[in-house]
Amino acid sequence: MVDYICSYLDSIRDRRVFPGVQPGFVHDRIPENAPLDGEPWPDIFADVENVIMPGVTHWQSPRMHAYYPALTSYPSMLAEMLTNAINCLGFTWASSPACTELEMIVTNWLGKMIGLPYHFLHNKESDGGGVIQTTASESTLISLLSGRNITIQRYLKLHPDVPIHEIHSKLVAYCSDQAHSSVEKAALIGLVILRYVESDAEYSMTGAKLLEAITEDKKKGLIPFWVCATLGTTGCCSFDDLENVAQVCHKEQLWCHADAAYAGCSFICPEYRKWLKGVDLIDSIALNPSKWLMVHFDCTVMWVRNSSALHCAFNVSPLYLTHEFSGLAIDYMHWQIPLSKRFRSLKLWFVIRSYGVKGLQEHIKKGVKLAEKFESLIKADKRFEIPAKRHLGLVVFRLKGDNMTTETLCKRINSRGKIHCVPANLNGKYVIRFCITSQRTTEQDIETDWKEITDVTNNLLSENSLDIALQEHREVTMKRRIGQY
Ligand SMILES: *Cc1c(COP(=O)(O)O)cnc(C)c1O
């Protein structure tokens, strides 16, 4: 298997990045029922190429430009092997002390690497600290539930006779109309109203617009309690104005969470920390080393200013989970939704040590440089436009004119399988997202990918637009707001 893995990754450039299969293809290749007797390993192993690989989207391919990256590296893979061998569940300090302690240390390391204020780190003076969650979505939910609890408790102190369900029904959360769909999901699970704040021409949420919405809602008797600022939106990698948003939250006593899932990785380079201005006032922030820092999924690091807020929201302490050092050491089960957690800090530790801060900075800079190259190729072709400013490794582009032509272009590119991109809806404009994902991508790859895009474009534009309209099966309606795919 190790040999297979090495040769898979070494030759991944030769594989079609996006599979040309139809729904149900695995079903057609595998028996209806489980085998009664165990099968020999060679038969199982052979089915990796026969059954699985034909239906894999190769996320590690240099030609993968969809979504945001999910990078890996050999140090991270070795850590995952060891994690799997140990397979401890680190819910309390006692359930595996090294698991808890290493997590505290590497979240401090990474926090310092991106320049977070001291109160977000594990230390004797503050109540803050980092925790590794499974995903950015879960971090958003945890912060929303913690903020909800704090607001309800604060409100009850002032109005002890108001029933909780009445307070609850008035709670309002806020995010920009460009925020990730996971914010909507958190509000659905938390049973609170979610209000989208209209972003400006740069696709940013401003403090002024947020304050306007909060003021309006307070007049209606609602209770604003939580804001999610996005640093690096999924649609076009735009940044909310954290400095002013955080000030509004601070004044209005709202929990401010920053979702920096992708772009947060870039903050290890000082030149990108301009977007973190205001971070000293916020309550929580999360980023995914599993996106851009070559650490395997799952690994989202979340820092909180006030870990007691998480404890209060999630504290349950049955006898079978108490131990000799309960209360003296961190028990991460109080910082998360599931009880159990994997030994995820090991991979972050191996990766940071193997590359060093400098090596990781170089890696981020290389990705940005390749995106700049792609951007300059697009800019030189007058048939295209770039409707949102490029930030970091993501370029969004479209053919000038109606949405239909760009939508057809995107579908045709993907059906050929040589490169893979996904679209986004930027306030009614259909755009193709081109993200530099793989550390294997070279300048040569970018040129080849651009040639593929222009080949498809040349064919498309030589056709009569009526023909395109006829063969076009539209699945997406382009509404403003409710933003992501
Ligand atoms: C990728 C992304 C998410 C979702 O990340 P998960 O870790 O899969 O939950 C959320 N927000 C933003 C801005 C993202 O880019």
Side-chain angles (χ1 to χ4, degrees), residues 57 59 64-72 110 130-145 173-190 194 196-197 199 203-205 226-240 242 245 256-267 272 275-276 282 284-303 336-338 341-342 344 347-348 364 367 371 388 391-396 421-426 431 433-437 482-485:
T57 301
W59 281 63
M64 172 74 175
H65 302 297
Y67 316 107
Y68 273 139
L71 293 186
T72 64
L110 189 62
V131 51
I132 304 181
Q133 307 286 5
T134 48
T135 57
S137 309
E138 209 166 303
S139 307
T140 300
L141 175 63
I142 287 167
S143 91
L144 180 136
L145 297 178
Y174 301 82
C175 65
S176 109
D177 56 12
Q178 300 300 310
H180 190 265
S181 54
S182 53
V183 182
E184 185 180 353
K185 209 183 242 185
L188 285 173
I189 299 170
L194 177 66
Y196 290 103
V197 177
S199 55
Y203 301 99
S204 309
M205 175 167 69
W226 181 86
V227 175
C228 178
T230 311
L231 301 180
T233 59
T234 317
C236 67
C237 202
S238 59
F239 291 80
D240 289 341
L242 188 66
V245 165
C256 185
H257 175 70
D259 174 5
Y262 162 75
C265 299
S266 75
F267 300 156
Y272 298 124
W275 290 306
L276 263 182
I282 71 173
S284 55
I285 177 168
L287 69 85
N288 287 15
S290 62
K291 279 191 168 165
W292 207 3
L293 290 181
M294 299 183 280
V295 177
H296 279 76
F297 183 83
D298 47 0
C299 183
T300 296
V301 182
M302 177 193 196
W303 292 270
Q336 59 186 30
I337 292 172
K341 81 186 299 158
R342 299 175 67 230
R344 297 193 199 94
K347 53 191 170 183
L348 195 50
I364 295 287
H391 289 304
L392 304 174
L394 175 67
V395 185
V396 296
C421 295
V422 291
N425 171 3
L426 291 185
V431 298
R433 295 169 77 268
F434 186 98
C435 189
I436 307 297
T437 65
I482 320 183
Q484 303 305 331
Y485 295 85

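Order of listing sets the numbers, starting from 1, for every ligand and every atom in it.
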May I have every N or O pair linking ligand 1 to the protein at under 3.5 Å, one per line with atom names and distance?
from	atom 1	to	atom 2	distance (Å)
ligand 1	7 (O)	Ala136	N	2.7
ligand 1	7 (O)	Asn288	ND2	2.9
ligand 1	9 (O)	Ala136	N	3.4
ligand 1	9 (O)	Ser137	N	2.8
ligand 1	9 (O)	Ser137	OG	2.4
ligand 1	11 (N)	Asp259	OD1	3.3
ligand 1	11 (N)	Asp259	OD2	2.6
ligand 1	15 (O)	Lys291	NZ	2.8

(message) Holding to salt bridge (Lys or Arg N to Asp or Glu O under 4.0 Å), I want the full list of residues that pass it with Arg433, two or more places apart in sequence or in another chain.
(response)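 Arg433 satisfies salt bridge (Lys or Arg N to Asp or Glu O under 4.0 Å) with no residue once adjacent residues are dropped.
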(message) As a quick check of understanding, evaluate side-chain hydrogen bond (donor to acceptor under 3.5 Å, both in side chains) for Ser238 and Ser204, giving each step before the final call.
(response) CA-CA 6 Å; Ser238 59; Ser204 309; 5.3 Å; no
(message) Going by side chain to side chain donor-acceptor pair (under 3.5 Å), name the residues that satisfy it together with Ser284, two or more places apart in sequence or in a different chain.
(response)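 Here the qualifying residues are Trp255, His257.
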(request) Under the side chain to side chain donor-acceptor pair (under 3.5 Å) rule, collect the residues that match up with Lys291, sequence neighbours excluded. (result)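 For Lys291, no residue satisfies side chain to side chain donor-acceptor pair (under 3.5 Å) once neighbours in sequence are set aside.
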(request) Begin with the C-alpha distance, continue with both residues' side-chain angles, and end with the deciding distance and a verdict on ring-ring contact (aromatic ring centres under 6.0 Å, His included) for Tyr68 and Trp292. (result) CA-CA 8 Å; Tyr68 273 139; Trp292 207 3; 8.3 Å; no
(request) Applying side-chain hydrogen bond (donor to acceptor under 3.5 Å, both in side chains), run through Asp298 and Ser290 and close with a yes or a no. (result) CA-CA 6 Å; Asp298 47 0; Ser290 62; over 6 Å; no
